[in-house]
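Below is one structure, written out as structure tokens, with a few remarks after it.
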Amino acid sequence: MEKNLPIDFTGFDIHAFQKDLISWFEREMRDLPWRRDSDPYKIWVSEIMLQQTRVDTVIPYFQRFMEKFPTLEALADADEDEVLKEWEGLGYYSRVRNLHTAVKEVQEKYGGTVPKTPKEVAKLKGVGPYTAGAILSIAYGQPEPAVDGNVMRVLSRILSVWEDIAKPSSRKIFEDAVRKLISHENPSFFNQALMELGALVCTSKSPSCLLCPVRDHCRAFAEGTTEVLPVKSKGKKQKQIQLAAAVLEDGDGRIVIHKRPGKGLLANMWEFVQTEESSFLPARQVLKDYLSEEFGIEAELETDYFTEIRHVFTHLIWDIRVYRGKIKNRVEGTDELKCVPAWEIEKYAFPVSHQKIWKAYRALK
DNA sequence: CAACCGTGGGC
DNA sequence: TGCCCAAGGTT
């Protein structure tokens with residue numbers, strides 16, 4: 001078990017590897033909605049949705065998205081709130097904002113045709129090295145590497161690469177490897193096959209080596225290291241944040257909602273008013289002060305919170321104490337604060353954490 | 001480069 | 001429960 005910086009391809013039969021991998025893919029590939037045609041727009045949308053997201057989760061979102069925005073032009077013409085609503089619950093919401101921005105750019109700058117050169121594609125917002133390679137190879141058949149987590153895991157085993165795949169610098173090593181290995185006859189299937197193998201066979205835990213079509217090419221299998229490769233360092237613990245939120249009703253049964261800032265966590269999503277709790281003041285007081293100072297809302301809150309919600313993100317944890325309350329003065333709607341009928345809540349895009357709040361609130365009555 | 005940016009499922 | 005994981009990108 002030794003380290004290798006540049007990968008040694010001595011004794012590796014590249015052509016046989018390509019053939020075994022691709023013919024397996026042709027036999028076993030899943031019938032996925034975005035594999036039905038090679039429309040670059042559909043490939044693009046699917047690749048954005050699939051970032052850090054499971055196939056099973058993406059499928060219904062992709063289908064709804066394509067019904068609503070069947071073409072690149074349709075998406076370019078849509079309003080941002082409408083687009084964000086279709087992404088509600090998928091997570092990593094900057095993906096869809098960047099996608100929307102980039103699609104509008106393609107519409108204006110490239111006449112609605114997704115560009116075909118690596119430089120132009122990579123410049124599109126939200127399109128990084130992986131997605132650029134995926135679009136170019138899958139939609140346009142160009143021999144560009146598309147290195148994602150699957151590819152790094154699979155190749156670290158096949159080629160016995162001991163670099164820490166959690167480190168950003170590692171991706172370059174695998175891109176170089178793919179440039180050596182990729183089939184120039186069928187770059188699309190080669191890249192997809194590598195990912196499909198990672199998803200179905202060469203899985204993170206307990207890989208199914210006995211079913212693997214390229215087992216005979218796999219150095220980790222030969223050396224008995226499939227359970228320890230790839231090397232991947234651990235992440236850090238999340239920070240915990242204590243919040244106080246309120247579901248506020250006016251005299252006519254309308255609900256106060258707030259639009260989050262355009263950058264950062266849950267950007268442009270709607271929420272019930274909430275603020276970070278202070279260590280010294282009671283939560284109710286912090287909340288009342290925040291409402292008064294920030295929005296000019298004079299609220300009357302119930303003494304005790306009616307539910308407590310824990311929501312875990314990748315890098316932080318929210319613990320939200322939720323109060324019920326009424327507002328005394330009338331609230332004028334602005335871009336970031338609205339007072340809407342209860343039945344219109346569902347028209348706005350809420351993060352899952354605040355969907356939980358709404359569910360608990362409705363359960364009260 | 002490290003930190004930030006969601007969510008749901010598996011064990 | 002807690003941690004890892006899943007077709008990453010931006011700052």
Side-chain angles (χ1 to χ4, degrees), chain A residues 25 29-30 32-35 42-62 84 87-99 101-102 121-135 137-139 145-154 164-172 174-175 178 188 191-200 202-207 230 232-241 260-269 271 310-318 349-356:
Chain A
F25 182 68
M29 68 172 168
R30 291 168 290 179
L32 301 173
W34 46 88
R35 285 182 175 159
K42 293 181 186 173
I43 304 295
W44 183 6
V45 171
S46 73
E47 291 302 338
I48 300 297
M49 285 188 172
L50 285 162
Q51 288 171 7
Q52 300 290 284
T53 311
R54 289 182 152 76
V55 166
D56 289 344
T57 303
V58 166
I59 289 174
Y61 279 90
F62 180 82
L84 187 57
W87 211 268
E88 182 184 50
L90 245 194
Y92 286 144
Y93 299 98
S94 68
R95 288 184 294 176
V96 71
R97 198 183 49 171
N98 289 335
L99 172 64
T101 302
V121 173
K123 243 182 244 176
L124 298 171
K125 287 189 184 67
V127 176
Y130 162 74
T131 306
I135 292 171
S137 62
I138 299 172
V147 175
D148 70 339
N150 282 314
V151 173
M152 288 197 284
R153 181 176 59 256
V154 169
D164 180 359
I165 65 168
K167 287 168 56 180
S169 58
S170 299
R171 200 196 72 248
K172 201 176 168 327
F174 294 99
E175 281 182 350
V178 172
S188 169
N191 280 341
Q192 291 188 73
L194 226 37
M195 294 188 277
E196 194 85 340
L197 190 68
L200 301 181
C202 194
T203 48
S204 183
K205 25 185 180 134
S206 57
K232 189 176 187 182
S233 56
K234 317 286 185 192
K236 291 181 177 176
K237 255 191 305 187
Q238 301 106 322
K239 292 175 190 168
Q240 193 243 350
I241 297 178
R260 296 177 59 86
K263 291 189 175 182
L265 184 64
L266 304 171
N268 288 338
M269 303 285 284
E271 64 185 4
R310 162 161 287 207
H311 191 76
V312 179
F313 299 88
T314 304
H315 63 294
L316 58 90
I317 298 172
W318 276 1
F350 279 73
V352 169
S353 52
H354 281 236
Q355 290 175 27
K356 292 180 190 170

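Below, read A as the first sequence line, B as the second, and so on, with proteins coming before strands; counting in each chain starts at 1.
Between the P atoms of dT11(C) and dG6(B), the separation comes to 14 Å (whole Å).
For a distance-only test at 3.5 Å, the side chain of Thr53(A) fails to qualify as a donor-acceptor partner of the base of dG8(B). Remark: the Thr314(A) side chain and the dG6(B) base include a donor-acceptor N/O pair separated by less than 3.5 Å. Side chain Arg54(A) to base dC5(C): a donor-acceptor pair is found below 3.5 Å.
Between the C1' atom of dT7(B) and the CG atom of Leu90(A) lies a distance of 8 Å, rounded to the nearest Å. Straight-line distance from the NZ atom of Lys167(A) to the P atom of dA3(B): 15 Å, rounded to whole Å.
We find the CG-CG distance between Leu316(A) and Leu265(A) to be 6.0 Å, quoted to the nearest 0.5 Å.
Out of dG6(B), dC1(B), dC5(C), the shortest distance to the side chain of Pro168(A) is found at dC1(B). Of the candidates dC1(B), dG8(B), dA6(C), dG8(B) carries the atom nearest the Val352(A) side chain, counting heavy atoms from C-beta on. Checked against dT7(B), dG9(C), dC11(B), the side chain of Tyr93(A) finds its nearest nucleotide in dT7(B).
Under the 3.5 Å distance criterion, with hydrogens and angles disregarded, a donor-acceptor pair is assigned to the side chains of Thr53(A) and Arg95(A). If you check the side chains of Tyr130(A) and Glu47(A), you find a donor sitting under 3.5 Å from an acceptor.
Side-chain nitrogen and oxygen atoms of His315(A) include at least one within less than 4.0 Å of the OP1 or OP2 phosphate oxygen of dC5(B).
Residue Val58(A) is out of contact with every strand shown, counting any heavy-atom pair closer than 4.0 Å.
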